[in-house]
Enquirer: 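Please find one structure pasted underneath; my questions will follow.
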Amino acid sequence: MATLRCPLIAGNWKMNLDHLQSIAFVQKLGWALKDAKYVESNVEVALFPPFTDLRSVQTLINADSLPFAFGAQDLSMFDDGAHTGDISGLFLKALECSYVIVGHSERRADHSEDDAIVAAKSRAAIRHSLVPIVCVGETAEDLETHGAAKIPVEQLTKVLEALDAKDNYVVAYEPVWAIGSGQAATPDQANDVAAALRETIAQVHGSERAEATRILYGGSVKAANIASLMKRPDVDGALVGGASLDVSEFSSIIQFPKHVTLDS
Ligand code: 13P
């Protein structure tokens, strides 16, 4: 983790917690971090609830001045019009979302989202001043055939070509085989691919953009492995799925600087 990039711990709730459950969860997380005397300037925390929870989460965060950013798990590539079931970046911005996840492997698989769609969605996010968290990652089969970095680098290149060097974006490296499997990439594996992705950013958008861009790791991140991941120079944070739904586990992940010296 390079010191010039503020670490980002992002909780992707996926299709979990309804709007009432989201209120209880965010309240408890706020209390847990307050009790632990968490200092918000050291680590940025962002929550990604389902669309139907966003208004509740926004209202609670504002009312209690909680130190959390939030965003959506997807957006439409279009801004408005006849696109039944889609959600515009305009609406997300109106709810004060800061971020939006694009190209998650579950959307690529469940909704046949290809790199062109992910690029168009990333552009839509930028159009509405939302920071896209662009997800890339290889399947177990890709890993076997091509090694770890080839597919993520190709996926990212397609998105970067559609964006501008001045655009603000985050990249999340999420090996598909590590998601929900309980088997995270090793810190060295995660760092090697993050370094290759940073090199790709440098080639397409220049070294300044590459140095400033946060690259997250996602896939079976837990309190027990976050510290060793965060010690690697090119890993700037985590996109956490299952463990972001457990208040004490997620609050422990957020507080990784407290245990970063305990393991390697
Ligand atoms: P898990 O942390 O449950 O493996 O999920 C990772 C993920 O897909 C986050 O977007």
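All ligand and atom numbering here is 1-based and tracks the order in the structure. Below, all heavy atoms of this structure are taken into account, side chains as well, without hydrogens, waters or symmetry copies.
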Enquirer: Checking the side chain of Glu249 only, and the main-chain atoms of Ala243 only, is there a donor and an acceptor separated by less than 3.5 Å?
Expert: no
Enquirer: Hey, quick one: are Val221 and Phe48 part of the same hydrophobic cluster, counting side-chain heavy atoms closer than 4.5 Å, chains of contacts allowed?
Expert: no
Enquirer: I'd like a table of donor-acceptor pairs (distance under 3.5 Å, sequence neighbours excluded) in which one partner is a side-chain atom from residues 84-93, with atom names and distances.
Expert:
residue: Ser88; atom: OG; partner: Asp79; partner atom: O; Å: 2.7
residue: Ser88; atom: OG; partner: Leu90; partner atom: N; Å: 2.9
residue: Lys93; atom: NZ; partner: Ser129; partner atom: O; Å: 3.0

Enquirer: Could you list the residues that satisfy ring-ring contact (aromatic ring centres under 6.0 Å, His included) with Trp177, not counting sequence neighbours?
Expert: none
Enquirer: Share the residues that join Ile151 in a hydrophobic cluster, the rule being Ile, Leu, Val, Met, Phe, Trp or Tyr side chains under 4.5 Å apart at the heavy-atom level.
Expert: none
Enquirer: Identify the residue among Lys14, Arg108, Lys121 that makes a salt bridge (charged side-chain N to carboxylate O under 4.0 Å, His left out) with Asp74.
Expert: Lys121
Enquirer: Any protein N or O within less than 3.5 Å of an N or O in ligand 1? List each pair with its distance, or say none.
Expert:
residue: ligand 1; atom: 2 (O); partner: Gly241; partner atom: N; Å: 2.9
residue: ligand 1; atom: 3 (O); partner: Gly242; partner atom: N; Å: 2.8
residue: ligand 1; atom: 4 (O); partner: Gly180; partner atom: N; Å: 2.7
residue: ligand 1; atom: 4 (O); partner: Ser220; partner atom: N; Å: 2.7
residue: ligand 1; atom: 5 (O); partner: Lys14; partner atom: NZ; Å: 3.2
residue: ligand 1; atom: 8 (O); partner: Lys14; partner atom: NZ; Å: 2.8
residue: ligand 1; atom: 8 (O); partner: His104; partner atom: NE2; Å: 2.8
residue: ligand 1; atom: 8 (O); partner: Glu174; partner atom: OE1; Å: 3.4
residue: ligand 1; atom: 10 (O); partner: Asn12; partner atom: ND2; Å: 3.0
residue: ligand 1; atom: 10 (O); partner: His104; partner atom: NE2; Å: 2.9
residue: ligand 1; atom: 10 (O); partner: Glu174; partner atom: OE1; Å: 3.2
residue: ligand 1; atom: 10 (O); partner: Glu174; partner atom: OE2; Å: 2.9

